[in-house]
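All heavy atoms count here, side chains included; hydrogens, waters and symmetry mates do not. Just so you know, ligand 1 is whichever comes first in the structure, and atom 1 is the first atom listed for that ligand. The first residue in the sequence is number 1, and the count goes up from there.
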Amino acid sequence: MSEAEPSPRHLLTRVVAAGRPAREPDAPLNAPIVPVSALHAGGPYEYAREGAPTTAAFEEALGEVEGGIAIAFASGMAAANAVFDTWPGGVTVVAPSAAYTGVAVRLRELDERGAINLRIVDAHDTKGVLAALDGAHTLWMESPTNPMLDVAELEVVIPEARRRGVHTVVDNTFATPIIQRPLEWGADIVLHSVTKSISGHSDLLMGALVTQDAEMAEKLRVRRVLLGAAPSAFDCYLALRGLRTLGLRVERAQANASAITQAISAHPAITKVRYPGFGTMAAIEIVGGAEAAERVCESVQVWTHATSLGGVESLLERRRRWPLESPRVPESLIRLSFGIEYESDLLADLQQALDRSQS
Ligand SMILES: *Cc1c(COP(=O)(O)O)cnc(C)c1O
């Protein structure tokens with residue numbers, strides 16, 4: 001009986017295989033859309049805020065890919081608010097200065113009303129992050145940060161936070177589990193705006209939390225129930241369909257990001273390129289401030305001028321056009337979300353838009 005342990009299958013295989021119906025004659029290959037609010041009594045779901053078959057299929061697949069138990073939410077912000085809602089009153093929370101705008105605004109609101117005591121750090125300043133951990137309840141991290149593309153040393157700060165009894169939550173929306181898996185470094189919770197790369201087609205709003213702690217998973221699921229933040233069956237179906245190609249999409253978009261940021265770095269209209277060397281996101285700063293940056297956004301034809309990120313189509317926008325964006329973000333900064341189009345078409349389009357911005 002000395003059967004060898006089967007070697008664990010590669011992530012790119014598991015993302016395709018996870019969350020499917022049992023292999024039985026005539027069973028569908030894909031989990032069907034089950035539009036439902038109430039289910040017959042006696043089973044695991046009962047009512048769709050608690051859970052539902054299509055939601056469960058998506059959760060099973062994302063949990064497999066990120067390495068934990070996944071709970072799906074109606075949006076990334078709904079997932080973030082579910083985490084905030086588990087905190088006891090008055091706890092200290094350490095968070096990055098340029099966190100996702102919605103998260104940053106909510107944390108400031110909670111701080112102002114005395115619900116938490118917020119300590120702001122620079123995510124990439126490891127010493128500063130570690131110094132802020134004393135007496136903290138939670139370390140909230142995002143890496144790379146949106147839209148500054150700062151990279152935190154997660155492999156250092158997560159284990160150190162854990163050693164000091166500080167919970168860590170990592171917003172992994174930018175990196176995706178294909179590139180970075182914070183639960184493996186000991187993070188307590190990973191957050192995704194499923195709206196972005198996980199679903200990948202800019203056609204739905206969803207969020208998710210993933211944890212390896214079954215008790216925490218139940219706590220977060222109960223937050224979904226009580227906050228009423230459950231996703232729809234149709235969105236779960238689309239998100240699962242998108243998740244199947246996450247590996248391909250990220251590899252392709254990352255290759256575009258890497259090549260194109262390199263190729264435009266010497267363009268005379270650009271003062272700075274922010275690309276951490278991995279991932280599908282970058283930012284550029286433009287000669288001529290906000291006005292010239294807006295001209296770039298208006299001049300693109302292959303790229304699309306729109307907010308959001310992580311879809312198959314390449315998107316760009318000047319972040320400071322949003323009134324709530326951090327004043328630390330330069331006025332001329334354009335965030336680039338690389339899609340899966342052909343590299344030289346994206347490059348040529350960006351180059352002509354940069355040329356026009358200076359005329
Ligand atoms: C978009 C985004 C969110 C919020 O997600 P929604 O699905 O828009 O609610 C949170 N974090 C990051 C990094 C994001 O990009």
Side-chain angles (χ1 to χ4, degrees), residues 55 58 62 66 70-85 93 95-109 123-124 140-152 154 168-180 182 187 189-210 220 223-224 227-232 235-236 238-239 242-243 246 249-250 253 257 274 276 278-283 306-311 314-317 319 322 324-326 329 333-339:
T55 314
F58 169 75
L62 180 63
E66 192 65 80
I71 305 104
F73 287 83
S75 70
M77 282 308 297
N81 281 303
V83 175
F84 305 159
D85 211 52
V93 174
S97 51
Y100 173 73
T101 323
V103 167
V105 170
R106 276 294 288 149
L107 289 175
R108 273 206 306 279
E109 283 179 359
H124 58 289
W140 188 283
M141 280 276 112
E142 197 181 302
S143 183
T145 60
N146 178 9
M148 303 288 265
L149 281 306
D150 291 335
V151 176
L154 292 180
T168 50
V169 182
V170 178
D171 185 335
N172 207 26
T173 300
F174 265 38
T176 84
I178 300 296
I179 291 172
Q180 171 172 286
I189 300 172
V190 159
L191 180 148
H192 279 287
S193 171
V194 173
T195 312
K196 314 292 170 50
S197 301
I198 297 284
S199 65
H201 295 74
S202 307
D203 52 5
L204 61 90
L205 276 181
M206 255 179 75
L209 300 170
V210 192
L220 296 168
R223 288 304 96 198
R224 177 179 76 193
L227 295 171
S232 80
D235 287 348
C236 290
L238 285 177
L243 181 62
L246 179 69
R249 286 185 285 108
V250 167
R274 296 170 181 266
F278 63 89
T280 64
M281 298 296 300
T307 195
S308 200
L309 55 109
S314 294
L315 303 181
L316 88 186
E317 69 166 337
R319 280 303 297 176
W322 297 97
L324 291 177
E325 183 57 275
S326 163
V329 175
L333 183 142
I334 298 174
R335 187 179 67 190
L336 306 174
S337 170
F338 286 87

> Checking contacts here: is it the side chain or the backbone of Met206 that comes within 4.0 Å of ligand 1, counting heavy atoms only? Could be both or neither.
backbone
> Within the 4.5 Å heavy-atom criterion, are Ser232 and Leu204 side-chain neighbours or not?
no
> Among all protein heavy atoms, pick out the one at the shortest distance from atom 12 (C) of ligand 1; state its residue, atom name and that distance to 0.1 Å.
Asp171 OD2, 3.4 Å
> Can you pull out the closest protein heavy atom to atom 4 (C) of ligand 1? Residue, atom name and distance to 0.1 Å, please.
Tyr100 CE2, 3.4 Å
> Are side-chain heavy atoms of Phe174 and Leu149 found at a separation under 4.5 Å?
yes
> Please identify each residue that fulfils side chain to side chain contact (heavy atoms under 4.5 Å, CB included) with Ser97, with sequence neighbours left out.
Ile120, Asp122, Arg328
> Can you report which non-hydrogen protein atom sits closest to atom 9 (O) of ligand 1, along with the distance?
Met77 N, 2.8 Å
> Which heavy atom of the protein is the closest neighbour of atom 5 (O) of ligand 1, given with residue, atom name and distance?
Ser193 OG, 2.9 Å
> In the structure I gave you, are the side-chain heavy atoms of Arg274 and Leu333 within less than 4.5 Å of one another anywhere?
yes
> For atom 7 (O) of ligand 1, which protein heavy atom lies nearest, and how many Å away is it?
Thr195 OG1, 2.6 Å
> Return the residue, atom name and 0.1 Å-rounded distance of the protein heavy atom closest to atom 14 (C) of ligand 1.
Lys196 NZ, 3.0 Å
> So do Arg335 and Thr307 actually touch side chain to side chain, heavy atoms under 4.5 Å?
yes
> Any atoms of ligand 1 less than 4.0 Å from a non-hydrogen atom of Asn146? List them with their elements.
15 (O)
> For the ring pair Trp140 and Phe84, is the centre-to-centre distance below 6.0 Å?
yes
> Relative to the heavy atoms of Gly76, which atoms of ligand 1 are at a distance of less than 4.0 Å?
5 (O), 6 (P), 7 (O), 9 (O)
> I need the Leu62 CG to Met206 CE distance, nearest 0.5 Å.
8.5 Å
